[in-house]
Amino acid sequence: MKYTAILYEAEEGGFWATCAEVPEANGQGETAEEAIEDLKAAIELALQYKRERGQRLEPARLIGIEVA
């Protein structure tokens with residue numbers, strides 16, 4: 001599935017990212033790439049948590065990053 005990553009540059013340096021389809025997930029890093037990788041891991045954890053609890057997984061509506 002593909003998800004939308006929204007990348008922000010932090011005032012103090014580094015980056016942080018959120019996901020439009022999985023608002024529980026966010027990531028951060030010194031570089032944009034690190035923030036995206038951290039976000040991917042957070043998305044995977046959030047989706048795993050939802051699956052384990054039998055919660056409905058909403059389909060991705062927007063195209064962005066791909067998560068395994």
Side-chain angles (χ1 to χ4, degrees):
M1 293 186 77
K2 293 189 178 199
Y3 298 90
T4 305
I6 305 165
L7 187 65
Y8 303 89
E9 192 167 355
E11 288 182 24
E12 64 278 359
F15 295 85
W16 59 284
T18 61
C19 178
E21 298 81 15
V22 187
E24 304 90 343
N26 61 69
Q28 63 182 17
E30 290 297 318
T31 66
E33 293 79 15
E34 288 176 357
I36 295 298
E37 287 302 313
D38 196 44
L39 176 62
K40 286 180 182 181
I43 291 169
E44 290 173 355
L45 286 173
L47 295 179
Q48 178 183 352
Y49 179 86
K50 286 182 175 192
R51 278 188 212 100
E52 289 172 355
R53 280 145 190 81
Q55 296 176 352
R56 183 177 167 177
L57 300 176
E58 297 295 326
R61 294 178 297 276
L62 304 171
I63 297 174
I65 61 173
E66 191 165 329
V67 176

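Here the structure is a predicted model, which is why all the values come from computation and not from measurement.
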Where is the tightest heavy-atom contact between Ala20 and Pro23, given as atom of each residue plus distance? O-CD, 4.2 Å
What heavy-atom pair brings Asn26 and Leu39 nearest, and what distance separates the two atoms? CA-CD1, 3.7 Å
Closest heavy-atom contact between Ala10 and Trp16? CB-CD1, 4.2 Å
Indicate the atoms forming the closest heavy-atom contact of Glu34 with Glu30, along with that distance. OE1-N, 2.8 Å
How many angstroms lie between atom CG of Asp38 and atom OG1 of Thr31, to the nearest 0.5 angstrom? 10.5 Å
Got a second to check how far Gln48's CD is from Arg53's CZ, nearest 0.5 Å? 9.0 Å
Got a second to check how far Tyr49's OH is from Gln55's CD, nearest 0.5 Å? 6.5 Å
Distance col, row Glu24:CD vs Ile43:CD1, nearest 0.5 angstrom, shows 10.0 Å
